[in-house]
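Convention: sequence-line order gives letters A, B, ...; per-chain numbering from 1.
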Number of protein chains: 2
Amino acid sequence: MASPLRRDDGSAAVTQDQRQISGEDSLIARYFKPLATDPGALGLVDDAAILRSLGEDIIVTTDAVVEGVHYLAGDPPETIARKALRVNLSDLAAKGAVPAGFVLTLALRSTEDAWLSPFADALGEDARTFGCPLLGGDTVSTPGPQMISITAFGRVPHGRMVGRTGARPGDRILVTGTIGDAALGLDVLTGGAVAAALASDPHAREMLVSRYRVPQPRNVLAQAVRNHATAAMDVSDGLAGDLTKLCAASGVSAAVDVASVPLSAAAASLVARNAVCVETLLAGGDDYEVLCTVPPAQCGALIAAGQAVGIGVTAIGTIVEGGERPRFLDGQGKELALKRLSYSHF
Amino acid sequence: MASPLRRDDGSAAVTQDQRQISGEDSLIARYFKPLATDPGALGLVDDAAILRSLGEDIIVTTDAVVEGVHYLAGDPPETIARKALRVNLSDLAAKGAVPAGFVLTLALRSTEDAWLSPFADALGEDARTFGCPLLGGDTVSTPGPQMISITAFGRVPHGRMVGRTGARPGDRILVTGTIGDAALGLDVLTGGAVAAALASDPHAREMLVSRYRVPQPRNVLAQAVRNHATAAMDVSDGLAGDLTKLCAASGVSAAVDVASVPLSAAAASLVARNAVCVETLLAGGDDYEVLCTVPPAQCGALIAAGQAVGIGVTAIGTIVEGGERPRFLDGQGKELALKRLSYSHF
């Protein structure tokens with residue numbers, strides 16, 4: 001897209017080869033065309049892409065990551081790329097959708113090959129791994145922090161997207177993987193209390209940092225979620241806050257057994273040593289696990305589906321009637337007083 | 001989406017009303033939920049939206065605007081909103097697609113009502129005018145310049161999107177509206193030579209500024225473009241550069257009669273007075289007109305379709321064989337030496 005505002009910086013030499021008329025086009029051709037493997041991407045030579053539908057619903061989700069907000073300025077380009085795509089894939093997983101592709105808006109300060117090349121390679125690797133090809137995008141210059149905005153598409157049979165509004169009293173609350181690791185990983189990266197508590201455990205530090213930098217979206221469970229969940233969302237802002245949103249959307253409340261919330265060995269050890277309180281994990285954010293509600297008779301099937309692919313699926317509580325916010329109960333049935341539920345930008 | 005990175009700024013008070021759990025959610029509910037009129041938007045309570053298709057192709061386009069790059073920091077929020085959506089609608093128009101909706105990523109430094117309220121109102125007004133409802137989005141905080149990234153969706157009958165690759169020798173080159181006004185408007189806003197040349201003509205200044213700030217996408221002509229054009233794109237980076245891209249994609253060249261390029265009265269007067277050279281208009285960018293190639297027998301029909309809705313459609317040249325870049329010829333058939341073809345970000 002044009003902007004004469006930076007016309008001096010942006011002037012492009014007119015060469016004899018009309019296929020190289022601007023730096024922007026060269027950049028797209030060099031780094032991103034190899035990722036545009038879907039015929040609907042039209043090889044990135046058009047302003048638009050084509051998403052074919054044969055009557056299924058197209059699920060659309062969009063999430064942006066901003067340097068210094070969602071990732072650290074010094075994070076490796078590979079992990080930034082993976083995080084930008086995976087936070088969107090995580091939404092598709094929770095909606096029960098099969099990835100269909102994505103468009104990318106990349107706001108860059110500079111175009112160093114040393115950054116762009118590993119960024120594009122990692123993005124392409126994830127696009128292949130998750131079956132979610134690049135369909136198009138926009139590359140713009142910015143004087144400010146880098147930002148990567150992705151809109152991802154998925155497919156579900158018509159009417160089968162798993163929403164937030166279907167949770168019913170009696171449903172069990174299930175969550176994939178482990179909760180709170182990413183928040184701990186960020187604390188490690190920023191030299192917080194966790195970094196100190198794990199000074200002698202580089203493996204634990206590395207695992208937690210990896211959970212912050214590279215989410216593990218649960219797309220392999222999308223079909224099982226679609227088959228069994230009455231409501232679902234991904235845990236991105238913090239389990240406590242996200243469950244609160246799900247309950248509000250469904251017009252129900254919930255009781256969570258905090259001792260059941262699945263923790264990694266590293267997180268459990270930190271809690272046991274009082275280096276971290278469990279509330280921090282419940283409100284931490286960046287988990288990118290699936291949170292869903294499932295009728296009791298179907299919990300076993302979803303847990304088994306997880307076992308089949310090596311992903312833990314854990315029941316952590318029950319949906320109950322009422323309009324109050326979910327209660328988080330300790331081993332004695334006493335409610336935890338959560339000072340905050342989740343991250344909010346504003 | 002979460003980010004514990006700014007956890008102190010982002011902490012949200014836990015109220016008894018679980019429907020107000022975070023500032024981000026309140027912001028979305030207050031300003032953007034009224035725009036989410038499509039059932040597929042799910043009232044913005046979900047992370048995802050549903051785009052229904054009954055066998056048509058879904059056309060996807062994405063364009064971002066960055067403060068200080070695509071618009072001026074002091075531009076009114078109303079015009080920023082309209083520009084952000086319209087640059088995407090313009091792509092849909094050129095592809096022959098009927099708007100179906102859009103998702104919005106808003107990177108904000110602050111959340112002042114005095115900015116957000118007119119921004120959302122104008123965005124909603126345009127969404128209604130163009131039949132392109134808000135389907136979803138992401139609101140993130142940024143320490144840097146504001147950025148608005150929009151991904152817009154359109155529908156065309158299967159296989160009927162107008163691409164860039166179909167131009168054939170003998171096709172006439174047609175363009176809607178007038179070319180170069182937006183570049184002149186930017187020059188007025190930044191106090192350049194145009195501002196001085198138009199010191200005594202406030203109406204012309206205002207018209208040109210409006211063309212820069214608020215594009216007029218030609219969506220009412222989308223069906224006519226689909227019915228008659230062999231190739232099309234919107235003119236966003238500059239007519240010369242965009243035609244060069246279209247020709248490269250189609251494997252053809254072109255001869256443009258520069259005297260035929262439609263100019264507004266203000267632009268024509270500036271050229272006649274030698275206050276601006278025509279090359280500046282040809283490479284200016286931000287026009288958001290439709291550039292298309294049409295077999296000679298069908299030019300009349302497209303021009304008539306324009307007349308019926310009050311939009312000029314002008315033949316400016318002919319597609320010819322060859323791989324060299326398009327030639328821009330003056331009244332004597334002499335080729336203009338264009339120093340630059342268009343804006344490029346890098």
In terms of heavy-atom proximity below 4.5 Å to chain B, should Ile50(A) be classed as side chain, backbone, both, or neither? both
Proximity of residues 40-48 of chain B to chain A, residues having a non-hydrogen atom under 4.5 angstrom: Leu42(B), Val45(B), Asp46(B), Asp47(B), Ala48(B)
Measure distances from Leu135(B) to the heavy atoms of chain A and classify the residue's part below 4.5 Å as side chain, backbone, both or neither. neither
Could you please spell out the steps behind the side chain to side chain contact (heavy atoms under 4.5 Å, CB included) verdict for Met147(B) and Thr142(A)? CA-CA 9 Å; Met147(B) 175 166 158; Thr142(A) 177; 5.7 Å; no
Heavy-atom closest pair, residues Ala64(A) and Thr105(B): CB-CG2, 3.4 Å
Could you have a look at Ile59(A), Leu92(A), Leu246(A), Asp287(A) and say which one has the most heavy-atom pairs with chain B under 4.5 angstrom? Ile59(A)
A side-chain contact here means heavy atoms from C-beta on lying under 4.5 Å apart; do Asp138(B) and Ser149(A) qualify? no
Turns out that what part of Asp91(A) lies under 4.5 Å from chain B's heavy atoms comes down to side chain
Among Ala94(A), Pro145(A), Gly136(A), Gly144(A), which has the most heavy-atom pairs under 4.5 Å with chain B? Pro145(A)
Closest contact, heavy atoms only, Gly55(B) versus Arg52(A): O-NH1, 2.8 Å
Chain A contact via Leu189(B) - side chain, backbone, both or neither, heavy atoms under 4.5 Å: neither
Chain A contact residues among residues 157-164 of chain B, heavy-atom distance under 4.5 Å: His158(B), Met161(B), Val162(B), Gly163(B), Arg164(B)
Report yes if some heavy atom in the side chain of Phe153(B) is under 4.5 Å from a heavy atom in the side chain of Val60(A); otherwise report no. yes
Which bit of Asn88(A) is near chain B, if near means a heavy-atom gap under 4.5 Å: side chain, backbone, both or neither? neither
Count the heavy-atom pairs under 4.5 Å between each of Gly137(A), Ala97(A), Gly101(A) and chain B, then report the option with the highest count. Gly137(A)
Between Thr151(A), Thr61(A), Val156(A), Asp234(A), the one whose heavy-atom pairs under 4.5 Å with chain B are most numerous: Thr151(A)
What heavy-atom pair brings Leu104(A) and Thr62(B) nearest, and what distance separates the two atoms? O-CG2, 4.3 Å
Just so I know, are the side chains of Val66(A) and Ser141(B) near enough to count as touching, which here means a heavy-atom distance under 4.5 Å? no
